[in-house]
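Worksheet: the structure to be examined is printed underneath.
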Number of protein chains: 2
Amino acid sequence: MSHYNDPFRGEFDSLEEFADRVSDVLRCPVTIEDANHRLIAYSAHDDHTDPARTATIISRRVPEKVINSLWKQGAIPALLKSREPVRVPPIEGVGLGSRVAVSIWKNDEVIGFIWVLETNRTLSPEEMEWLKLAAKAAKNKVLQLYMRKNKKEERVQELFWKLLTSHIATEDEIRAHLAAVQITAAPQFAVVVFRFAADLTTEMERQISYLLQTTQQLPLLLYTTDRRNVILLAAPKTDQPLKELNEFIESFSAKMKERFHIHDVQSGFGGVYESYRLIEKSYREALAVLALKEKFGNEIKTVYGYAQLGIYQFFDFLLEKKRQGEWANPALAKLHIYDKKHHSDLVKTFETFFDHNENVQETADALNIHPNTLAYRLKRIADIAELDLNDMNQKIKLYIDIKLAKYEAHS
Amino acid sequence: MSHYNDPFRGEFDSLEEFADRVSDVLRCPVTIEDANHRLIAYSAHDDHTDPARTATIISRRVPEKVINSLWKQGAIPALLKSREPVRVPPIEGVGLGSRVAVSIWKNDEVIGFIWVLETNRTLSPEEMEWLKLAAKAAKNKVLQLYMRKNKKEERVQELFWKLLTSHIATEDEIRAHLAAVQITAAPQFAVVVFRFAADLTTEMERQISYLLQTTQQLPLLLYTTDRRNVILLAAPKTDQPLKELNEFIESFSAKMKERFHIHDVQSGFGGVYESYRLIEKSYREALAVLALKEKFGNEIKTVYGYAQLGIYQFFDFLLEKKRQGEWANPALAKLHIYDKKHHSDLVKTFETFFDHNENVQETADALNIHPNTLAYRLKRIADIAELDLNDMNQKIKLYIDIKLAKYEAHS
DNA sequence: ACAGTTTTTGTGGATTTTCACAAATTAACT
DNA sequence: AGTTAATTTGTGAAAATCCACAAAAACTGT
């Protein structure tokens, strides 16, 4: 054959044509993905394929569980590290047959992958070398796409910032803008913010972007970054949006940790709304969650949503009032005095009791005391603070005042 | 004897001398009280007496339980109605021996009483007539006292208003003023306000004044009225001031009802403070309780103290925020929508559950449903509102929002 | 140091609560 | 009218709570 030296030299009209050429040379089905595992092109002449490939082509992206297993199995980390082709043995659970992959590089950045399915044959070492050549040849084509997308990204980000700052007034205008950048309107959405320990580096941005692009738990309409923050417009699909968002955040944090060893990510999301004019509100609420997390690290560690902040939502207001002097809780004052005088822990006890949903057993465990001791202390609290433990009202007030005092101390 | 016609004609230097004279004539111990059962004078030459009289002389007023039993037994109502002497048979429980009493009148108002103890003898009908003459003779002397006291009352009331409106700036000044009108400073106090259905009549004022004067549960430092309101400065003695104040109010209301058939009295008291400069604050708080009672009749029917208002304390403030638009509870909104669509009662259920201190049994009874039904509904609420029932925070927030919506509706 | 008080822990049994599951009832929709 | 889904009620067993009482431990003040 005439292409022993470089079978992929020459011009190709499209990446599809290129994919077909690679497929012809290697006599296997081929798919080309961008750095975020979005399908760019695939060879068309193949009869044999596997479920993973089919699903990828149908949805125009690699299914998340396939990506996950490729991470676990080590293929993706290897591809990101080296320009050498990598062979992936079959993975049963996710419908993945044996395949070989190589990454496409631009300078020292991976901008895509070529996958070759080893249907009823195995690539020879020589063919592996050809695959490397294919990756080099693909570079320019993929890069064009990448650039085009980047330009669009910029326009989209600009739009997002306008929404986050309420710079577009009417619902209709917003819809028009979204349509213009090919973002389909969603029935409900919320703004999610991830905050990192330090300003984001380009490297981190790439990793984050990668994670987000490959997430399919939750449709993400818009994305931007700002110093330490990553800001998203997420569109939950079900009627349990909070659950979706929580799971998304948990899984995002987990993946940041296990794949990129980035631990200290704080997360928050605002209210789930249906009108696009409330994007700014949702954004402010997401920021409020993050602000509160800095003050109340422990109490709301597992809370990400503004809606789940509960009473903390209005602590800013209350603190303001308190600072104006129009606030006092003689009952709490009495308890504090008692605690000081007798080196006891009545306030802490009450607080913990409520933190644990008034559950006696749990609270006793948390405080390392006997359940009877807890009962005794509560009775003592009722006496000293003249608090009726059967009156939820009064209990709530005391609880709020305890937390508010903490909040004040941190401010 | 020379005094067959009127043994009490002539001048007496003091009421003590007069009491001795009556005692001589009737050969019995005699005590003279003002309209509020405060001791004015008593005969000194007697050997025989009973525990009630002793207690009266020691504390310079008739013990409250004695007054109570005299009301129950009917003697006091009779004395207030007629100028005729009344015989009171012995009342064992309160140490009261047999005695005869007559009221002292000025125009058509009772300004005092003369009590004659029938120690080892019984007054004859003729002696009863003499007693009537004694009552007439006592009138002027008692009246002088009464007038003197009224003038003082006016000065005191003026001072009270100054305190209620924070017109005296420093603690020291206040103490000086109080000392000037012979009111001993108390370590703690609170302002109590009773509010009647209509403006107070002179008649009612007298009755109220009477009740308050005869109360010994709680020292009352100052007293004044204002249209529908009776305002008091009460000084609880124990370290359970709220309990004292509550009991005082309950007993006052009960007595207004049973003795004068005045039913619709609303009551409130402010915070218990130690600094006199906070009288105004306590007063404002007492008024706040009354204002809230008008809006939240049912929920806080048995609450009188500002401290026991719990979360309602800051509802004004929250409502303000809510009206500014910075407030929403999507969870509650969802529940309302669901209720409307399915003719259910989830919101009411949750509210009642918290009103009953999260007690399943009580709540089920209150709603007339099976406890399991309640459990089912709560689970439903958790699903629909995406509420974590183990998170006190979120529950509290929902509860507050439910009550706040009610509050808003009433405003 | 010691008498008195307050606090903590232990014990056992009556009472409630919780939970899962099933049956019965009611509401909703075609 | 009939079918499905949602709600309510019933049952029983395991778990938790409540309560009263008592012993032990810790703390207080002189």
Side-chain angles (χ1 to χ4, degrees), chain A residues 238-240 243 331-392 394-395 398-399, chain B residues 238-240 243 331-392 394-395 398-399:
Chain A
T238 69
D239 60 348
Q240 301 216 317
K243 196 169 161 236
L332 179 55
K334 280 188 180 175
L335 291 178
H336 269 136
I337 290 168
Y338 192 91
D339 273 350
K340 199 153 211 172
K341 197 166 171 186
H342 296 81
H343 310 288
S344 51
D345 258 332
L346 296 186
V347 174
K348 174 80 175 300
T349 301
F350 184 86
E351 183 187 357
T352 310
F353 186 50
F354 255 58
D355 283 343
H356 289 86
N357 195 31
E358 291 194 297
N359 182 309
V360 174
Q361 195 84 311
E362 269 188 41
T363 311
D365 289 348
L367 293 171
N368 283 316
I369 57 174
H370 195 279
N372 286 357
T373 305
L374 177 59
Y376 172 78
R377 287 193 192 167
L378 288 173
K379 193 169 295 186
R380 217 71 193 70
I381 289 168
D383 286 346
I384 293 166
E386 287 198 87
L387 176 77
D388 181 355
L389 286 176
N390 294 315
D391 185 346
M392 194 45 91
Q394 293 180 41
K395 288 191 291 187
L398 180 57
Y399 184 61
Chain B
T238 68
D239 61 348
Q240 301 215 318
K243 195 167 163 240
L332 179 55
K334 280 188 181 175
L335 290 178
H336 269 136
I337 289 169
Y338 191 91
D339 273 351
K340 198 153 211 173
K341 196 166 170 187
H342 296 81
H343 310 290
S344 51
D345 258 332
L346 297 186
V347 174
K348 173 80 174 299
T349 301
F350 184 86
E351 184 187 356
T352 310
F353 186 51
F354 255 58
D355 283 343
H356 289 86
N357 195 33
E358 291 195 295
N359 182 307
V360 173
Q361 194 69 22
E362 268 189 44
T363 310
D365 289 349
L367 292 171
N368 282 315
I369 57 174
H370 193 277
N372 286 357
T373 305
L374 177 58
Y376 173 77
R377 287 194 192 167
L378 289 174
K379 193 169 292 183
R380 215 72 192 69
I381 289 169
D383 286 346
I384 293 167
E386 288 198 86
L387 176 77
D388 182 355
L389 286 177
N390 294 316
D391 184 346
M392 194 47 91
Q394 294 181 40
K395 289 192 291 186
L398 180 58
Y399 183 62

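We name chains A, B, ... by the order of the sequence lines, and we start the count at 1 in each one.
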> Does A:Y376 place a side-chain N or O at less than 4.0 Å from the phosphate oxygens OP1/OP2 of C:dT7?
Replying inline: yes
>> Can you measure B:L378 atom CG to D:dT8 atom P for me and round it to whole angstrom units?
In response: 11 Å
> Has A:R377 got a side-chain N or O lying under 4.0 Å from the OP1 or OP2 atom of C:dT8?
Replying inline: yes
> Are the side chain of A:T363 and the backbone of A:N359 linked by a donor-acceptor contact shorter than 3.5 Å?
Replying inline: yes
>> If you compare all heavy atoms of A:L374 against all heavy atoms of A:A364, which two are closest, and at what distance to 0.1 Å?
In response: CD2-N, 4.2 Å
Compile the donor-acceptor pairs under 3.5 Å between side chains in residues 376-387 of chain A and protein atoms, sequence neighbours left out, one pair per line.
| unit_1 | atom_1 | unit_2 | atom_2 | d |
| --- | --- | --- | --- | --- |
| A:R377 | NH1 | A:T349 | OG1 | 2.9 |
| A:R380 | NH2 | A:Y338 | OH | 3.4 |
| A:E386 | OE1 | B:L242 | N | 3.1 |
| A:E386 | OE1 | B:K243 | N | 2.9 |
| A:E386 | OE2 | B:L242 | N | 3.0 |

> Do any side-chain nitrogens or oxygens of A:Y338 fall under 4.0 Å of OP1 or OP2 in C:dT7?
Replying inline: yes
> Do we see a donor-acceptor contact under 3.5 Å between the side chains of A:N390 and A:K395?
Replying inline: no
> How would nucleotides 23-30 of chain C be written as a contact map, 5' to 3', with B for base contact, S for sugar-phosphate-only contact and - for no contact, using protein heavy atoms under 4.0 Å?
Replying inline: --------
> Nearest-Å distance, CG (A:D345) to P (D:dC27)?
Replying inline: 13 Å
>> Could you check whether atom NZ of A:K334 has more than 12 heavy atoms from other residues, nucleotides or ligands sitting under 6.0 Å from it?
In response: yes
>> Treating primed atoms plus P, OP1 and OP2 as sugar-phosphate and everything else as base, which nucleotides of nucleotides 10-18 of chain C get B, S or - for protein heavy atoms under 4.0 Å?
In response: BB-----SS
>> For the backbone of A:D391 and the side chain of B:N357, can you confirm whether one donor and one acceptor N or O come within less than 3.5 Å of each other?
In response: no
> How close or far is atom C1' of C:dT7 from atom CG of A:D339, stated in whole angstroms?
Replying inline: 13 Å
>> Without decimals, in angstroms, what is the distance between A:N390 CG and D:dC18 P?
In response: 10 Å
>> Rounded to whole Å, how long is the line connecting atom CG of A:L389 with atom P of D:dT17?
In response: 16 Å
> So, is A:R380 close to the C:dT6 phosphate, meaning a side-chain N or O under 4.0 Å from OP1 or OP2?
Replying inline: no
>> It should be established whether A:T373 places a side-chain nitrogen or oxygen under 4.0 Å from OP1 or OP2 of nucleotide C:dT7.
In response: no
